[in-house]
Amino acid sequence: MNNSRGNFTSKLGFVLAAAGSAVGLGNLWRFPYLAAKYGGGIFLLVYLILAVTFGFSLMITEIAIGRKTGLSAIGAYKALDKRFSFLGWLACLVPFIITPYYCVIGGWVIKYLSVFLTGNVSAAANDSFFGSYISQAVSPLLWFSLYILLNTVVVIAGVEKGIEKASKFLMPMLIILSIGISVFCITRPGAAEGLKYYLLPDFGRFSIKTVLSAMGQLFYSMSLAMGIMITYGSYMKKENHLEHSVRQIEIFDTLIAFLAGLMIIPSVFVFSGGNEEALGKGAGLMFITLPKVFESMNMGTVIGSVFFLLVLFAALTSSISLMETNVSILRDKLGWSRKTATLVVSVYVLIVGAFVSLGYGPLDFITFGKMQLLDFFDFVSNSLLMPLVAAGTCILVGYVIRTKSIEDEVELNGPFQSKKFYRFIIRYIAPICLIAILIFSVMEALGLIAV
């Protein structure tokens, strides 16, 4: 293979790129929705506890696997133990499933940014605007294509000149914009009640659903079990301190999720008069409820424009990592050049994503049960494959190759300070938690439990 992998040139470059992968649309709309639904402050507390335990252990495992083997997911699992090669194939399926529909949503974000930049906030706040837009055939495909083009340009430029440079610009901008919008939102008249609900734990609202939902959000948010962290780990230099890097990635990811709650929950409380139900799930929150919030604000057009610019930055950092993982898989398996692999992946995303986009319009008759194409792909990747891959990884590391294999990789640059704790989580806690996530997600999707 004439397949030079490339490396991140610095620890900062790696941390920002990996954090960019973790920070995405899930942080900006899924986290606030779940926080509002499952108790506000108590959800936030549970999430923070899980981030420094469960999330840390899984992320350090995947990055260490990538750096140890120098391969993307398929080759990495095979190198560790041929009997677990199937985990690599399952892991590689995840980004191939997610990338097309994620880019469709990215196209929606660009559309809304253009609407706010042109001053049409009242149009975006109309109840029928979002549904009318996504049901069209041509316009969503054009914005979707533009979004793919942005990703393709960055990925084709490579690890150092593309992904690392983009991350070094996008991530600081993401943090600055998040802090700025958060300060504006929490200082609005009437925001104090929303802030209190979000920050102060009410233990009377604690339930098993709070734990499982926080765990699921953490799992999806940190780009685990989809081959991304293994791929990025394979680009990480041996001299970079792995444990410290993972802690920094966690801080970035959790900070953006926390700030998203500060942006959205107090604002919607103000708009709705304290009605928690106004924090609708998913697209309903970002594309229907929030434009109404911005319309009700002074300087709402400006704030809305900045917000959707922020969302675009977050979406790009994640979709770039998804596309890079796809490219890395093709390069490792087929020996293709970066340019060829990137163009093939881009065409694939364009074709599959077009079906997803049209699934809300001319192809809306294609459903799986009650799920549209986007919802079905999301269910297969997030609710089935990712928990299976993560649980399998814990079994492989905890009981087959043993945790010492990962611990030795982490200790290349000094002592692994959390070694005993890590071993306990991977062997005993994480597998149980992942199976719980899988069962909870499947039962929720099948309507067997009320949420």
Side-chain angles (χ1 to χ4, degrees), residues 3 5-8 14 17-24 26 55 57-82 84-103 151 155 159 163 218-236 242 246 249 253 317-334 336 338 341-342 344-345 348-349 352 377-378 380-397 406 409 430 434:
N3 190 3
R5 290 190 67 76
N7 293 102
F8 293 108
F14 167 77
S21 168
V23 172
S57 300
L58 286 174
M59 181 175 285
I60 209 166
T61 298
E62 294 198 5
I63 293 175
I65 287 173
R67 192 172 74 170
K68 181 181 182 66
T69 61
L71 298 168
S72 55
I74 295 176
Y77 281 105
K78 183 178 181 180
L80 293 177
D81 191 302
K82 290 183 179 180
F84 283 77
S85 296
F86 72 95
L87 283 180
W89 289 99
L90 290 178
C92 86
L93 275 178
V94 176
F96 275 98
I97 293 172
I98 291 177
T99 308
Y101 78 73
Y102 198 100
C103 289
N151 284 269
V155 174
V159 177
I163 298 168
L218 178 78
F219 183 59
Y220 307 140
S221 171
M222 294 178 71
S223 296
L224 300 170
M226 57 180 77
I228 290 177
M229 290 303 166
I230 293 176
T231 298
Y232 275 23
S234 72
Y235 299 144
M236 184 184 190
L242 203 154
V246 169
I249 294 165
D253 180 68
T317 56
S318 285
S319 56
I320 286 168
S321 70
L322 285 164
M323 186 174 283
E324 172 62 25
T325 301
N326 297 334
V327 168
S328 178
I329 289 166
L330 292 183
R331 296 185 71 206
D332 283 351
K333 295 303 293 181
L334 302 175
W336 288 354
R338 170 171 288 276
T342 305
V344 168
V345 169
Y348 158 78
V349 172
V352 177
F377 288 149
D378 184 66
V380 171
S381 58
N382 287 358
S383 299
L384 297 180
L385 292 178
M386 288 163 65
L388 283 173
V389 170
T393 302
C394 291
I395 293 169
L396 169 64
V397 172
I406 300 300
E409 182 67 27
L434 289 164

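The model shown is predicted, which means the values in this text are computed figures rather than measured ones.
- Of the possible donor and acceptor atoms, one in the side chain of Glu62 sits under 3.5 Å from a partner among the backbone N and O of Ala225.
- Between Pro95 and Asn326, the shortest heavy-atom distance links the atoms CB-OD1, 3.3 Å.
- Side-chain contact, Thr393 with Tyr77: a donor N or O sits under 3.5 Å from an acceptor N or O.
- Contact of the Met386 side chain with the Leu224 side chain is not registered, since no non-hydrogen atoms from C-beta on lie closer than 4.5 Å.
- Contact between Ser57 and Ile60 at its shortest, heavy atoms only, is O-CG2, 3.4 Å.
- Atoms CD1 and CD1, from Ile63 and Ile406 in turn, are 11.0 Å apart once rounded to the nearest 0.5 Å.
- Atom-to-atom distance recorded for Leu87:CG and Ile395:CD1 is 8.5 Å, nearest 0.5 angstrom.
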- prompt: Does the pair Leu71 and Ser234 meet the rule for a side chain to side chain contact (heavy atoms under 4.5 Å, CB included), with working shown?
  reply: CA-CA 6 Å; Leu71 298 168; Ser234 72; 5.8 Å; no

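- Residues Arg67 and Leu242 form a side-chain contact, since some pair of their non-hydrogen atoms from C-beta on lies under 4.5 Å apart.
- Atoms SG and NZ, on Cys92 and Lys333 in that order, are 9.0 Å from each other to the nearest 0.5 Å.
- Expressed to the nearest 0.5 Å, how far CD1 of Ile74 lies from CG of Leu90 amounts to 10.0 Å.
- Here the closest non-hydrogen pair linking Asp332 and Ser72 is OD2-OG, 2.6 Å.
- When all heavy atoms of Cys394 and Ala430 are compared, the pair lying nearest together is SG-CB, 3.6 Å.
- Across every non-hydrogen atom of Ala91 and Ala73, the tightest pair is CB-CB, 4.0 Å.
- Once rounded to the nearest 0.5 Å, the distance linking CD1 of Ile320 with CD1 of Ile228 reads 11.5 Å.
- Classification of Glu324 and Arg331 as a salt-bridged pair fails, no side-chain N sitting under 4.0 Å from a carboxylate O.
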query: Is there a side chain to side chain contact (heavy atoms under 4.5 Å, CB included) between Ile98 and Met226 once you walk through the steps?
result: CA-CA 9 Å; Ile98 291 177; Met226 57 180 77; 4.1 Å; yes

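- Using a 4.5 Å cut-off on side-chain heavy atoms (C-beta onward), Arg338 and Val155 make contact.
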task: Before giving the answer on side chain to side chain contact (heavy atoms under 4.5 Å, CB included), spell out for Val344 and Tyr348 the whole-Å C-alpha distance, their side-chain angles and the decisive distance to 0.1 Å.
output: CA-CA 6 Å; Val344 168; Tyr348 158 78; 5.5 Å; no

message: Determine whether Asn151 and Val349 satisfy the following criterion, side chain to side chain contact (heavy atoms under 4.5 Å, CB included), listing intermediate values before the conclusion.
response: CA-CA 11 Å; Asn151 284 269; Val349 172; over 6 Å; no

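- Between Ser318 and Tyr102, some side-chain heavy-atom pair lies under the 4.5 Å cut-off.
- The nearest pair of heavy atoms linking Ala341 to Trp336 is CA-CE3, 3.9 Å.
- Rounding to the nearest 0.5 angstrom, the gap separating the CZ atom in Phe96 from the OG atom in Ser381 is 14.0 Å.
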